[in-house]
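For reference, the structure discussed in these notes is given below.
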There are 2 protein chains.
Amino acid sequence: MLTISQLASYAGVTVRAVRHYHQIGLLPEPERDRSGYRRYGAHAVVSLVKIATLADAGVPLSEIADLVKADQETFAAAVQRIDGRLRDEIARLERSRTSIAELAAGDALLLPPEVVAYLDRLRELGVAGPVLDGERDGWIIMAARWPDRVREWMPSKLASLDDPRIVRLYQVLSLLFDTRELDEPLMAEAADLMAELAEQAYEAGYNTQEESAEDEVPFDLLELLALETDPRAQRMVELMRERGWDGWTRLEKVPPTKG
Amino acid sequence: MLTISQLASYAGVTVRAVRHYHQIGLLPEPERDRSGYRRYGAHAVVSLVKIATLADAGVPLSEIADLVKADQETFAAAVQRIDGRLRDEIARLERSRTSIAELAAGDALLLPPEVVAYLDRLRELGVAGPVLDGERDGWIIMAARWPDRVREWMPSKLASLDDPRIVRLYQVLSLLFDTRELDEPLMAEAADLMAELAEQAYEAGYNTQEESAEDEVPFDLLELLALETDPRAQRMVELMRERGWDGWTRLEKVPPTKG
DNA sequence: GCTTGACCCTGACGTAGCGTCAGCCCTTCA
DNA sequence: TGAAGGGCTGACGCTACGTCAGGGTCAAGC
């Protein structure tokens, strides 16, 4: 006869695991000897090896209980289910792995490659500091919920960097928010640029392209992000309102206020 | 500002998860409004998306805490570790999958294919019932601990089935143990056969091949298995002892007893 | 006969990452 | 004005055991 530790070692599990299987009724309690020790026969080894093999394959113990007494047909069906779960789990881990692999470089964990390329391009163009960070954070928020839509947008966003006015705008904003001062003339230049671009986009009917997204995409949140990052963003919003535009990420035509 | 459920939905996690992250200090508690509700800014979304992404990749929350405030170098090293763990886990699941896939057929979950082939061959030869089950259980016990050694043994075991005496022995044993009776003449035939085979193996120096295994392999356990399965096995042991052999799975020369 | 070390027993708490009440407060809309 | 739909804290539940704590048992050596 076998002691519990012998049994456990034959099946390659711990003593505690065996006791646990007893506790939940998965493995029947054997006879005790006169000192109350459990004494196992050889068949217990076979049962335990079966249990341990299934458990190692990730089958929940609650299912193993039914499984070991099931007929061939039920068993085969269960095996199918288990295999499906394993496949899904493997696929999930593979996805995680690619995420993590990309992450070594920089932002790629949280952002699709198209967005990373866009941010790299901005960096090349001299955009840096809080503006670049804010841009990244904004895209992180977007990409978390609408990764597909974000990827669709990126080609036109990237193309827009061919417009020297847009590049200039980003550069001016970088200058503005990279210091602690409030440079009114520079701000005015940025506002003028933004207003000009907004006007052009408005005339071209910019919103036809994104109309379906308007309900869902959290432009308010992106605006909040900007204001949170730097209070001077508030000043920019005011300047834009003087020029007849409301908002930050998405501008809307409004009656201009007096500066 | 955002409520907790809005925050959670932006990051694709549950409200409970967010509160949990607060509790363990992974995500800083935000300001409360006058009714005690948590109010979040946009940066919380970015932080939470980072946490959720790492957590989804299987990184323990305790590590995420350090990870999000780590510098680039530490981060890259950690990413390596995480990726390694993911690789191991995937490999483990793949192994489980192959086990489980083979399982649909029959015994293959618990036994290497060579043993399955051996058992199939026995079945073809008319071996069935308790003898076949016992044979299988015995190999399950062996394969659980010494899978490699078992696979090495199988070719010679399979070849041994070309010997008609061995086939006859298995068939006689099948007949013997498939009924409830105690068929003394048939038992004597089986014992004679076993003794003859044992003598031959002894002369050929059978133990040179397995000598290194003798210490480890639990022949006692296999004998116990047989005795447990059917008390008539005890009678077989006695008959063998009369013929000068002790044991069941592995026979040893002993002075013959009187029948 | 005594000690020592290796096992065995039960009972109970700890682990990770939340899910899920319970009991209560706050806000909003019909 | 009351019902729905949040939000709050606190606490227990879940999986599959690990890990004490506090005791009894067994085999071996002195």
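Below, chain A is the first sequence line, B the second, and so on; all start at residue 1.
Not less than 6.0 angstrom separates the ring centroid of His43(B) from the ring centroid of Tyr10(B).
Within the 4.0 Å cut-off from OP1 or OP2 of dG6(D), not a single side-chain nitrogen or oxygen of Thr3(B) is found. Close to dG19(C), at under 4.0 Å from its OP1 or OP2, lies a side-chain N or O of Thr14(B). Between Tyr21(B) and dC18(C) there is a side-chain polar atom (N or O) within less than 4.0 angstrom of OP1 or OP2. For Arg32(A), a side-chain nitrogen or oxygen approaches OP1 or OP2 of dT10(C) to under 4.0 Å. Look at Ser35(A) and you won't find any side-chain N or O under 4.0 angstrom from OP1 or OP2 of dC9(C). Residue Arg34(B) has a polar side-chain atom (N or O) positioned under 4.0 Å from OP1 or OP2 of dT27(C). For Ser5(A), a side-chain nitrogen or oxygen approaches OP1 or OP2 of dC8(C) to under 4.0 Å. Taking 4.0 angstrom as the limit, Arg38(A) places a side-chain polar atom (N or O) nearer than this to OP1 or OP2 of dT10(C).
Sequence order on DNA chain D of the closest nucleotides to Asp33(A) and Val15(B) puts Val15(B) first from the 5' end.
Residue Arg39(B) is classed as having no contact, given no heavy-atom separation below 4.0 Å to the nucleic acid. Counting any heavy atom pair closer than 4.0 Å across all strands shown, Ile4(A) reaches sugar-phosphate atoms only and no base atom. Using a 4.0 Å heavy-atom criterion, one finds that Leu61(B) contacts the sugar-phosphate atoms exclusively.
Ring planes of His22(B) and Tyr40(B): parallel class, angle under 30° (limits at 30 and 60°).
Under 3.5 Å, the side chain of Tyr37(A) and the base of dG24(D) form at least one donor-acceptor pair of N or O atoms. Not a single donor-acceptor pair, N or O on each side, falls under 3.5 Å between the base of dT9(D) and the side chain of Arg19(B).
Looking at Glu63(A), its side chain never comes within 3.5 Å of a backbone N or O of Pro60(A) through a donor-acceptor pair. A donor-acceptor distance shorter than 3.5 angstrom exists from the side chain of Glu228(A) to the backbone of Ala42(B), with no hydrogens or angles considered.
Counting to the nearest Å, the C1' atom of dC18(C) and the NE2 atom of His22(B) are 14 Å from each other. The distance between atom CG of Leu7(B) and atom C1' of dC8(D), rounded to the nearest whole Å, is 16 Å. Following rounding to the nearest Å, Tyr40(A) (OH) and dC8(C) (C1') show an atom-to-atom distance of 11 Å. Remark: C1' of dG7(D) and CD of Gln6(B) are 12 Å apart, rounded to the nearest angstrom. Glu63(A) places its CD atom 15 Å from the C1' atom of dC14(D), with the value rounded to the nearest Å. dC18(C) atom P lies 11 Å from atom CG of Leu48(B), rounded to whole Å. At whole-Å resolution of the value, NE2 in His20(A) and P in dT15(C) are 18 Å apart. Atom P of nucleotide dG7(D) and atom CE of Met1(B) are separated by 15 Å, given to the nearest angstrom.
Checking dC9(C), dC17(D), dG19(C) against the side-chain heavy atoms of Ala17(A) singles out dC17(D) as nearest.
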Next item on the list: Tell me, with the steps shown, if Arg235(B) and Glu238(B) meet salt bridge (charged side-chain N to carboxylate O under 4.0 Å, His left out).
Entry: CA-CA 5 Å; Arg235(B) 180 66 188 139; Glu238(B) 283 163 22; 3.1 Å; yes
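Comment: Glu114(B) engages Arg151(B) in a salt bridge, judged by a side-chain N to carboxylate O separation of less than 4.0 angstrom.
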